[in-house]
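The block underneath contains the structure these notes are about, expressed in structure tokens.
In this chain, residues are counted from 1 in sequence order.
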Amino acid sequence: MLEIKNLTKKFGERLIIDHLNLKIDDGDILTVVGESGGGKTTLLRILAGLETKTSGEILLDGNEIHPEVLDTKEQVMGVVFQDFQLFPHLSVLENITLAPINVLKITRENANTEAMGLLEQLGLSGKERLYPYQLSGGQKQRVALARALAMKPKILGYDEPTSALDPELRRQVEEMILELKTTGVTQIVVTHDLEFAEKISDKMLKVEALKE
């Protein structure tokens, strides 16, 4: 279980997150919805260790953790960002295996085997030698998800996964997230799309931009 206690984040004097308290059970899907400036993406970045909190506690299974200084072999959250952040000069397979080989120090052979399994799971078999420019938006998103899963995070986060997608791709993202839930993956989904959030969430957190 992930537990957040009195989490506060400031940028200078600007308060972004104010004493947030939250519990997420293993295997649940939490959606974070609300207007821009409410701290949705900042929360993901703090949990992923990409941003430091100002104060408060983050606990995983009852033990306090510090994602920004945590051993990379114990990654708490993998995040699929809105722009996917794939390396354009690397193939799909290379994008997925780069971090496991260099950070987790697993062999290239094992990394390739695990990556191919993830691609099959996500409906991308046969795409491993393609480059990002050869993929559709939905395919890029699934490659970004495979890359996050390859690091074996305890929690998956998504930043606006349905942004600018047509209804069919939006439905595919919904199915993908719900399919991962059946495997026991805990997921946090940041979205402006309330209808989408209502379809997938076990728990919903609604945020508002804090007044100056």
In short, Leu104 meets Ala150 closest at the heavy-atom pair CD1-O, 4.0 Å
In short, Pro153 meets Gly78 closest at the heavy-atom pair CB-N, 3.3 Å
The reported gap from CG in Leu135 to CG in Leu124 (rounded to nearest 0.5 angstrom) is 7.5 Å
* To do: Check whether the side chains of Asn110 and Thr113 place a donor and an acceptor atom closer than 3.5 Å, and report yes or no.
  => no
Can you hop from Met204 to Leu156 via hydrophobic side chains spaced under 4.5 Å? no
Report task. Please test Phe196 against Ile177 for side chain to side chain contact (heavy atoms under 4.5 Å, CB included), starting from the C-alpha separation and ending with a verdict. Result -> CA-CA 11 Å; Phe196 168 72; Ile177 291 172; 3.8 Å; yes
- prompt: Honestly curious: do Leu59 and Leu7 fall in one hydrophobic cluster under the side-chain, below-4.5 Å linking rule?
  reply: no
Taken to the nearest 0.5 Å, the spacing of Glu109 CD from Ile101 CD1 works out to 11.0 Å
All heavy atoms of Thr183 vs all of Val185, minimum pair found to be OG1-CG2, 3.3 Å
Atom pairs and distances, side-chain donor-acceptor, residues 42-53, under 3.5 Å, sequence neighbours left out:
none

- Task: Check the angle between the aromatic planes of Tyr133 and Tyr131 and answer parallel, tilted or perpendicular using the 30° and 60° thresholds.
- Result: parallel
Could you check whether Lys5 pairs with Glu64 (Lys NZ or Arg NE/NH1/NH2 to Asp/Glu carboxylate O, under 4.0 Å)?
no
Quiz item: Charged N to carboxylate O below 4.0 Å: is that the case for Lys181 and Asp202?
Solution: yes
When rounded to the nearest 0.5 Å, the distance separating CD of Glu3 from CD1 of Ile58 is 11.5 Å
Determine all donor-acceptor pairs shorter than 3.5 Å in which one atom belongs to a side chain in residues 21-34; sequence neighbours excluded.
| from | atom 1 | to | atom 2 | distance (Å) |
| --- | --- | --- | --- | --- |
| Asn21 | OD1 | Asn6 | N | 2.9 |
| Asn21 | ND2 | Asn6 | OD1 | 3.4 |
| Asn21 | ND2 | His19 | O | 3.4 |
| Asp26 | OD1 | Met1 | N | 2.8 |
| Thr31 | OG1 | Ser201 | OG | 3.3 |

Output for pair (Leu2 CG, Met77 CE), nearest 0.5 Å, gives 7.0 Å
| Between Arg171 and Glu175, is there a salt bridge with N-O shorter than 4.0 Å? | yes
Electrostatic pair Lys154:Asp61 at N-O distance under 4.0 angstrom: no
Tightest non-hydrogen contact, residues Arg147 and Leu86, listed as NH1-CA, 3.7 Å
Going through the checks in order, is the side chain to side chain contact (heavy atoms under 4.5 Å, CB included) test met by Leu149 and Leu118? CA-CA 8 Å; Leu149 286 168; Leu118 288 169; 3.9 Å; yes
Output for pair (Glu94 CD, Glu128 CD), nearest 0.5 Å, gives 11.5 Å
Using side chain to side chain contact (heavy atoms under 4.5 Å, CB included), reason through Val103 and Met151 one step at a time and then give a plain yes or no. CA-CA 9 Å; Val103 179; Met151 290 297 287; 4.0 Å; yes
Heavy-atom closest pair (Pro132 atom, Lys140 atom, distance to 0.1 Å) is O-CE, 2.9 Å
Rounded to the nearest 0.5 Å, the CD atom of Glu198 sits from the OG1 atom of Thr191 at a distance of 11.0 Å
Of all heavy-atom pairs linking Arg142 and Gly123, the shortest is NH1-O, 3.6 Å
